[in-house]
Amino acid sequence: MVAVTEDPIDVALVLRGIGTARTGGIDIFIGTVRDTNEGKSVGSIEYTAYVPMAEDLMRRIESEIRDRWPVENVTIVHRIGLLRVGEISVVTAAGAPHRAEAFEACRYAIERVKADVPIWKKEFAPVPG
Amino acid sequence: MRSVTALFFGPVRELVGAGSLTLEVNPPFTGDAAFEALAARFPPLRAWRGSLRLAVNREYVPFERVLDAGDEISFLPPVSGG
């Protein structure tokens with residue numbers, strides 16, 4: 001399941017959707033907004049996306065994963081809009097019979113998202129006061 | 001001439017000041033020719049050329065790609081999602 005969403009990402013919901021009877025291991029990566037970037041302090045980040053292309057590519061990433069690892073379920077969700085420090089920007093998750101595949105598939109997903117999915121961030125300084 | 005729709009995102013969108021424009025592309029109608037048409041209107045874009053990726057109809061393609069009238073194209077700046 002892949003999605004670009006403006007809504008807060010519900011990690012519990014992602015986890016409920018990942019496991020199956022055959023799943024022996026689930027790996028989940030949760031990316032969050034942090035308060036510094038390249039030495040500058042950050043108060044919030046605005047994410048924008050070329051949504052149709054982003055979702056097309058996320059679907060392709062999922063099929064690449066399914067071709068390569070015996071995963072049962074894959075989730076790739078990226079949030080767009082204005083996010084504050086601590087909020088969740090992206091979640092990738094993979095469930096597989098064994099942990100090694102779950103770790104590798106989950107890591108592959110987030111690396112591909114960061115390298116190629118057409119999403120951009122713009123940092124904003126903290127608002128004083 | 002072939003006219004294509006160019007969409008803009010991220011820092012390129014800020015530089016162009018619009019989300020999309022119609023571009024008239026000259027022969028040989030390649031991604032490079034489309035970039036030339038755009039850079040002629042927005043010279044500061046030239047500095048970005050080395051880091052831009054071309055998408056045509058939502059897929060990454062080389063700049064040598066020949067465009068068809070009505071294609072949806074975008075010169076995508078380096079992505080920073082995640």
Side-chain angles (χ1 to χ4, degrees), chain A residues 2-6 9 28-34 37-38 40 42 45-61 63-64 75-81 83 87-93 106-124, chain B residues 3-23 25 30-32 34-35 37-39 42 44-82:
Chain A
V2 307
V4 172
T5 179
E6 296 192 9
I9 299 172
I28 186 164
F29 171 80
I30 301 166
T32 54
V33 175
R34 65 195 180 98
N37 181 55
E38 290 163 9
K40 294 196 297 281
V42 174
I45 291 181
E46 181 185 32
Y47 285 97
T48 56
Y50 183 179
V51 175
M53 180 176 174
E55 290 189 331
D56 282 353
L57 188 45
M58 288 157 93
R59 271 187 290 274
R60 188 176 311 151
I61 293 168
S63 67
E64 287 165 6
T75 294
I76 305 171
V77 181
H78 202 298
R79 187 160 172 216
I80 55 175
L83 277 67
E87 290 198 274
I88 295 171
S89 53
V90 59
V91 168
T92 63
C106 182
R107 176 73 189 259
Y108 180 88
I110 186 62
E111 297 303 337
R112 272 280 268 144
V113 166
K114 289 180 83 72
D116 298 315
V117 172
I119 295 174
W120 296 270
K121 68 179 177 182
K122 182 175 182 182
E123 287 96 0
F124 292 91
Chain B
S3 95
V4 298
T5 302
L7 303 183
F8 306 108
F9 299 95
V12 170
R13 183 186 190 117
E14 287 174 26
L15 197 150
V16 168
S20 75
L21 288 175
T22 299
L23 272 184
V25 187
T30 57
D32 279 311
F35 182 77
L38 191 63
F42 303 95
L45 260 181
R46 292 197 191 285
W48 283 86
R49 174 61 180 82
S51 62
L52 295 175
R53 292 167 78 173
L54 174 62
V56 174
N57 301 327
R58 302 172 189 172
E59 288 205 11
Y60 288 118
V61 297
F63 272 76
E64 295 75 25
R65 168 66 157 271
V66 174
L67 305 175
D68 292 323
D71 276 350
E72 176 180 289
I73 77 169
S74 190
F75 299 105
L76 299 176
V79 300
S80 52

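Keep in mind that what you see is a predicted model, and the values were worked out from it rather than measured. Within every chain, numbering begins at 1; the chains are lettered A, B, ... in the order of the sequence lines, protein sequences first and strands thereafter.
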Do A:Pro118 and B:Phe9 come close enough that some side-chain heavy atom pair is under 4.5 Å?
->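 No; the side chains remain at least 4.5 Å from each other.
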So do the side chains of A:Asp116 and B:Arg53 get within less than 4.5 Å of each other, counting heavy atoms only?
->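 Yes; the side chains approach each other to less than 4.5 Å.
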Heavy-atom pair with the smallest gap, counting every atom of [X] and [Y]:
X       : Y        : value
A:Ser89 : B:Gly82  : OG-O, 3.5 Å
A:Leu57 : B:Tyr60  : CD2-CE1, 4.0 Å
B:Gly81 : A:Tyr47  : CA-CE2, 4.2 Å
B:Pro11 : A:Trp120 : CD-CD1, 4.3 Å

With rounding to the nearest 0.5 Å, note down the distance linking CG in B:Leu76 to OH in A:Tyr50.
->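 Between atom CG of B:Leu76 and atom OH of A:Tyr50 there are 7.5 Å.
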Taking side chain as everything from C-beta outward and backbone as N, CA, C, O, which of these in [X] sits under 4.5 Å from a heavy atom of chain A? Side chain, backbone, both or neither.
X       : result
B:Glu14 : side chain
B:Pro78 : backbone
B:Arg13 : neither

Flag yes if more than 12 heavy atoms outside B:Arg49 fall under 6.0 Å of its CZ atom; otherwise flag no.
->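 Yes - once you tally the heavy atoms of other residues, nucleotides and ligands closer than 6.0 Å, there are more than 12.
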[X] versus chain B, the contacting section by heavy-atom distance below 4.5 Å:
X        : answer
A:Ala54  : neither
A:Arg79  : neither
A:Lys114 : both

Passes side-chain contact (heavy atoms from CB on, under 4.5 Å), B:Glu72 versus A:Met53? Steps please.
-> CA-CA 11 Å; B:Glu72 176 180 289; A:Met53 180 176 174; over 6 Å; no
